[in-house]
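So the structure is just underneath, and the comments pick up after that.
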Amino acid sequence: MRFTTTNWAGTTLTAALVLTGTALIPAAAVGAAGPGLTRYTVHIDQVAVENLDAQSGPCGAEATITFDARINASIAATVPGLTQDQVIALASDDPDGLVRQLSLTTTGGFVIQTGGHTYTGRFTQKFVGDFLPNGMYVNHGMTSVTAISEIGTLLRLNSQGFNVDNRQGITVHSGSHMSGTGCL
């Protein structure tokens, strides 16, 4: 199973992209998460660059975004004793259905170069997914971005969305909302 979410620019990312990085903190925190489940938490510091085409760019133009992010990932899995690398792998792809809950929170700074302008700012992205006892999967996410251009223009982008999949993995209900102001 692959967990997907939509980032603030409207492009689909997988948790694998979000969790690819360096500077892992030594050991995953492990704790109880309910009957038969173990919770694992991983913290990652990451610098990543994303190139977007005009359709995906935040201001309707091609963009290069450099993120300096702190990622906190948490999963509740049906097996104890996972290593940090196994937790990261399961957060991006779970072919055996071991994950029952997934939570990702990413915060940090970024620089966007788009349309001949440079915006510098902060962002927060949250994603939560739960596998219900009846076999359905529910997830929701939000992203908030605030930046200022080199000439003082304020850029704000906010998005929220949710998705409900049935037992066969088919989306049966979803919704999203995105608003933005300040593009030059």
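Source: prediction; values computed, not measured.
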*asked:* To the closest 0.5 Å, what do you measure between CD1 (Ile170) and CE (Met136)?
replied: 11.0 Å
*Would you check if Val47 and Thr66 make a side-chain contact, meaning some heavy-atom pair closer than 4.5 Å?*
yes
*Rounded distance (nearest 0.5 Å) linking atom CG of Leu157 with atom CD1 of Ile112*: 7.0 Å
*Mind running side chain to side chain contact (heavy atoms under 4.5 Å, CB included) on His117 and Tyr119 for me, showing each step along the way?*
CA-CA 7 Å; His117 296 280; Tyr119 296 86; 4.2 Å; yes
*Do any N or O atoms from the side chain of Tyr40 and from the backbone of Leu82 form a donor-acceptor pair under 3.5 angstrom?*
yes
*asked:* Nearest 0.5 Å, please: how far is CD1 in Ile65 from CG in Asn51?
replied: 9.0 Å
*Taking the side chain as C-beta and beyond, is there a heavy-atom pair between Thr146 and Arg122 under 4.5 Å?*
no
_Sole candidate of Leu90, Asp93, Val87 that passes side chain to side chain contact (heavy atoms under 4.5 Å, CB included) when paired with Val99_ = Leu90
*Side chain of Arg167, backbone of Asn134: donor and acceptor closer than 3.5 Å?*
yes
*Quick one: sort the Phe67 and Phe110 rings into parallel, tilted or perpendicular, breaks at 30° and 60°.*
tilted
*Taking all heavy atoms of Ala61 and all of Gly115, pick out the closest pair and write down the distance.*
CB-N, 4.2 Å
*What are the two closest heavy atoms between Thr41 and Ser74, and how far apart are they?*
OG1-OG, 3.8 Å
*For the residue pair Leu37 and Thr78, establish whether any side-chain heavy-atom pair is separated by less than 4.5 Å.*
yes
*So, Glu150 side chain and Thr118 main chain: donor-acceptor pair closer than 3.5 Å or not?*
yes
*Rounded to the nearest 0.5 Å, how far does CD1 of Ile75 lie from CZ of Arg100?*
11.0 Å
*Indicate yes or no for a side-chain donor-acceptor contact from Asn166 to the backbone of Gln168 under 3.5 Å, with no hydrogens or angles considered.*
yes
*Measuring from Phe131:CZ to Asp94:CG, what's the distance to the nearest 0.5 Å?*
6.5 Å
*Please answer whether the main-chain N or O of Asp165 pairs with a side-chain N or O of Thr171 as donor and acceptor at a distance below 3.5 Å.*
no
_Set of side chain to side chain contact (heavy atoms under 4.5 Å, CB included) partners for Thr107, sequence neighbours left out_ = Arg70, Thr105, Thr124
*How long is the gap from NE2 on His140 to OG on Ser174, to the nearest 0.5 Å?*
15.0 Å
